[in-house]
Colleague: 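Below you will find the structure I want to go over with you.
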Amino acid sequence: MSDASYTTDELMIVNAARQLGALAAAGRPVCFVGIGLPSTAANLARRLYSPAPVLVYESGCIGSKPTRLPLSIGDGELGETADAVVSVPEIFAYWLQAGRIDVGFLGGAQLDKYANINSTVIGDYEHPSTRLPGAGGAPEIAASAGAVMVIMRQSKRAFVERCDFRSSVGYGDGPGDRERFGLQGGGPKWVITDLGVLEPDSVTCELTMVALHPGITREQACASTGWSLQFADDVRTTAPPSAEELDVLRILQAA
Amino acid sequence: MSDASYTTDELMIVNAARQLGALAAAGRPVCFVGIGLPSTAANLARRLYSPAPVLVYESGCIGSKPTRLPLSIGDGELGETADAVVSVPEIFAYWLQAGRIDVGFLGGAQLDKYANINSTVIGDYEHPSTRLPGAGGAPEIAASAGAVMVIMRQSKRAFVERCDFRSSVGYGDGPGDRERFGLQGGGPKWVITDLGVLEPDSVTCELTMVALHPGITREQACASTGWSLQFADDVRTTAPPSAEELDVLRILQAA
Amino acid sequence: MNRICSLHDAVADLVGDGDTIAMEGFTHLIPHAAGHEIIRQGRRNLHLVRMTPDMIYDQLIGAGCATKLTFSWGGNPGVGSLQRFRDAVENQWPHPIEIEEHSHAGMATRYAAGAANLPFGILRGYVGTGLSEHTSTIAQIECPFTGESLTAVPALRPDVAIIHAQRADREGNVQMWGLTGVQKEAVLAAKRSIVTVEEIVDHIEPVPYAVVLPWWTVSAVCEVPDGAHPSFAMGYSVRDNAFYKAWDAVSKDRGSFTAWIEQHVLGTTNHEEFRRSVGLEVPANV
Amino acid sequence: MNRICSLHDAVADLVGDGDTIAMEGFTHLIPHAAGHEIIRQGRRNLHLVRMTPDMIYDQLIGAGCATKLTFSWGGNPGVGSLQRFRDAVENQWPHPIEIEEHSHAGMATRYAAGAANLPFGILRGYVGTGLSEHTSTIAQIECPFTGESLTAVPALRPDVAIIHAQRADREGNVQMWGLTGVQKEAVLAAKRSIVTVEEIVDHIEPVPYAVVLPWWTVSAVCEVPDGAHPSFAMGYSVRDNAFYKAWDAVSKDRGSFTAWIEQHVLGTTNHEEFRRSVGLEVPANV
């Protein structure tokens, strides 16, 4: 992709936005958005698709319609353009926990084959080699959102057989764990990476490569994954970002 | 009192306001106010004493400074003149239950000698002879307010040995019950009636007549009480409502 | 069904016999017009829920719509008793009514738990009162950290919440302000919801102390000017205290009550006709 | 102490060694100036509590003020790690720090329980995560009505809550708006509280989405213009993103961190001098 006319961030953002677009076509999804790639993807989808996704930020903004990309979760623009602004305790209790969020976004330092995520520590919890920021909103987004979309760069270091620490639960140790834990949300449905798209296998719950980006090979994907990566029977190739997608994204990021 | 230049309501309101005035002198009390006599008394005290009591209404108004007497707990004036307006769940959780209320007001159909109050049913609960409105905010006002002031007309029918139903707890069945129940507030401290003022005995917790209004005899008080009424060693006679108190009250009520 | 529709259609589509219905309002913004429409459409066996049932619940109970009432204070504020509620409890007229009685704090906790998708809420409450003895939906629970005993109450999850608000926009976003009570929690706790509003506007301006319910949390929005009467909508109307006082005489007697309901509610087809029938001015924007 | 006083006096009178301190702010309205004053006055053994510890907690930890941190997400938003926090956890520099780690939802529930004077709060959370295993303040609790298992977390009741707000009036009533996070709960949950404000005004006008803390819920109000910098106060300032980015380089190295604290915090006597020291304009109204 060295000669591609788009960056890997743009590639991931566009593919995440497309997935939101597919959901929008079936009725406007309510998205619980963090700052960074998810926020950019959700805002891109707001501009590309109709009905537009509804954006909910964990800082308490419901229905934000920012004209430029927010720099932080507490950006003033998010509150000024929101349908409602509520307290942080309320956003977690009445909105996320209540099951009012259709799609939550997560990322992290490690993702394992059952889509559990680590954003807490590398190494032992008591004596970590690297102390990461921590779980934040992730445990309850992973538990309660109707579906979760993960956006992460794919690498052997990040895509691991088993997370050093489980900050948020995907499918636990496999089929049946979400039900056993009493988790009400649907769990991770899509992992958008710089190499393609993974989805949980409907039987094993294991993350399986269902699409590769243009020019990416199965070998590259396997070499960038810390577990024995499985592929769907019919692996798609994603369409390259269109001129329109890139235009709208770049205007958004320049604003 | 047939030739008095004031009504029994005015007498009770003025005496209740004076008690708030005494508390105000020791630091502005925060009052949790219902509509009717308590609201009138608290608003009268706001005009007569400095620092003025802070009024909190269960409809969610904090620091209301109404220019006229509210007709109902949901009167627009209460919200327009408030320092803050919050939801009903919040007013009970963060303000009353949290112990932020210094004085709560209660009334009811029956009051017993341990200052328990009935506003639920006369007769048997399942087959009542009279169905009353119910407990409303009273149980938690009685439990959590720093102190409770009761305002009720004194009569054998209303001041009973034991309530038919305990809507709110004063001193339960006597000393130690509030502690046993884990109630955090101080309980009823003053009962202002048309005949005088009762307070709980410091040892027995039994409501005891500590003051009589001008012209009221001990015999009248006993005849209007359904239990064997005790009197304090030194029973005061309350001062009749002053011209200023009546003037301010009547202007308030006419507004 | 469109989100913005007539009150007739909203009640027809969203309120069923046997449903648990919460029509909330704390003196302010009480959805009277919606209550009349439920009586008009002859719903039966309703489980009515409300912190402060007043005149409109008295009418629903007297009209035979309800078989259960969950509440914390049932009266005609500033006037006295609810005569039809009393007649139902004391004399089983028009038929017996089951009651589930709580305190205000308990009801507020129950709605908040429902809005938060929790099966129960906790509070410091009820201990030592007769309510703990007579109401089965009050339990003790122990703090797992301090061992302290607290009170638990189950979440309220009504089938339908019905409220009145000042305004909505054309998308169905609802805005209310002034004293907004427990209405937000009631709507968020309910499976379905109907909001009557004073007016539908192109754009909602933020105002202080406003509560906003996004369109996707509301099932139906119906423009019903003065739909809270004799309650009020701050900024649009004032409370009709005379109407509340007059209700006492109308409702005291089964005959006069029934005649009133037949003439003014069953004998009219909508809120506009009801208003003419009881001699109220019809708002200019109807 | 007067309710309205200098930040120096508020910290001197209200913050003690060993106290549990919650300085809240969700990106917006973070009380940086108050944090500097705590470093300046050399408080030790503090138990710091915050949902999103960022630069100011990094400074407090690096300066050796804290021996415990209770939190849910500790990072420099949009930049990366908190270097001093990492150095304390990974290498016990300047000394070991105990951590008590929760999720955002759990921390919000804990503050809300504290504000409501409940010993614990309940939520659907943590199940299946490593937090349940490593954090002792997470327990399971059973619904007494449905038997369902939920998570309980103990209330947070800090000794002192410290927040920054847009304004206060001369009585000490505090108003903040925009994103107000968990600050109201933090103040109501705490035994004492300090609020720094952009300005003190004669009269507070209500504005949409404002949170008001009445004077009698706040221990001290201090006028500290731009006291949130490099965070911001909506309506008064914008976030200084460059300052956040620059912090990464300053804080990466123990020596450069210590030099920075000595020069700009310990070497100054108040927020105005701090601003001059780091090359920021001093607001006109100081």
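Below, chains carry the letters A, B, ... as their sequence lines are ordered, and counting in each starts from 1.
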Colleague: Answer whether the closest heavy-atom distance between the side chains of C/E133 and B/Y125 falls below 4.5 Å.
Modeller: no
Colleague: CG of B/L96 to CZ of C/R124: how many Å apart, nearest 0.5 Å?
Modeller: 12.0 Å
Colleague: Find the one option among C/N76, C/T109, C/V127, C/V211 whose heavy-atom pairs under 4.5 Å with chain B are most numerous.
Modeller: C/V127
Colleague: Any side-chain heavy atom of B/T120 sitting closer than 4.5 Å to one from C/H134?
Modeller: no
Colleague: Can you tell me if B/R250 has over 12 outside heavy atoms packed within less than 6.0 Å of its CZ?
Modeller: yes
Colleague: Would you give the length of the straight line joining atom CG of C/L179 to atom OH of B/Y57, rounded to the nearest 0.5 angstrom?
Modeller: 11.5 Å
Colleague: Applying a criterion of heavy atom separation less than 4.5 Å, what residues of residues 96-107 of chain C form contacts with chain B?
Modeller: C/I99, C/E101, C/S103, C/H104, C/A105
Colleague: Sort C/Q183 into side chain, backbone, both or neither according to what part of it lies under 4.5 angstrom from a heavy atom of chain B.
Modeller: neither
Colleague: Check each atom of C/Y111 against the heavy atoms of chain B and say whether the ones under 4.5 Å are side chain, backbone, both or neither.
Modeller: neither
Colleague: Could you work out, with ring pair (Phe, Tyr, Trp, His ring centres under 6.0 Å) as the rule, every residue matching C/F243, not counting sequence neighbours?
Modeller: C/H229
Colleague: If you measure from NZ on C/K184 to OG on B/S87, what distance do you get to the nearest 0.5 Å?
Modeller: 8.0 Å
Colleague: Checking B/S129 against chain C: side chain, backbone, both or neither under 4.5 Å from a heavy atom?
Modeller: backbone
Colleague: C/W73 versus B/P133: any side-chain heavy-atom pair under 4.5 Å?
Modeller: yes
Colleague: Could you tell me which non-hydrogen atom of C/A108 sits nearest to which non-hydrogen atom of B/P89, and how far apart they are?
Modeller: CB-CA, 3.7 Å
Colleague: In terms of heavy-atom proximity below 4.5 Å to chain C, should B/E90 be classed as side chain, backbone, both, or neither?
Modeller: neither
Colleague: At a heavy-atom separation under 4.5 Å, does C/Y209 approach chain B through its side chain, its backbone, both, or neither?
Modeller: side chain
Colleague: Under 4.5 Å heavy-atom distance to chain B, tell me which part of C/L82 shows up: side chain, backbone, both or neither.
Modeller: neither
Colleague: Do C/R86 and B/T130 have side chains that approach each other closer than 4.5 Å (heavy atoms only, starting at C-beta)?
Modeller: yes
Colleague: If we only count heavy atoms from C-beta on, is the B/S59 to C/T27 side-chain gap below 4.5 Å?
Modeller: no
Colleague: Answer yes or no: are there more than 12 heavy-atom neighbours, outside B/K156 itself, under 6.0 Å from its atom NZ?
Modeller: yes
Colleague: Please name the pair of heavy atoms, one in C/G178 and one in B/V85, separated by the smallest distance, quoted to 0.1 Å.
Modeller: O-CG1, 3.7 Å
Colleague: Please report the interatomic distance CD(B/E140) to OG1(C/T151), rounded to the nearest 0.5 Å.
Modeller: 8.0 Å
Colleague: Only pairs of heavy atoms separated by less than 4.5 Å count here; which of C/V238, C/T129, C/L150, C/N91 has the most with chain B?
Modeller: C/T129
Colleague: For B/F165, which atoms come within 4.5 Å of any heavy atom of chain C: side chain, backbone, both, or neither?
Modeller: side chain
Colleague: Taking atom CZ of B/R157 as the centre, report whether more than 12 heavy atoms of other residues, nucleotides or ligands fall under 6.0 Å from it.
Modeller: no
Colleague: So for B/L183, is it side chain, backbone, both, or neither that comes closer than 4.5 Å to the heavy atoms of chain C?
Modeller: side chain
Colleague: Checking heavy atoms, do the side chain of B/A84, its backbone, both or neither come under 4.5 Å from chain C?
Modeller: both
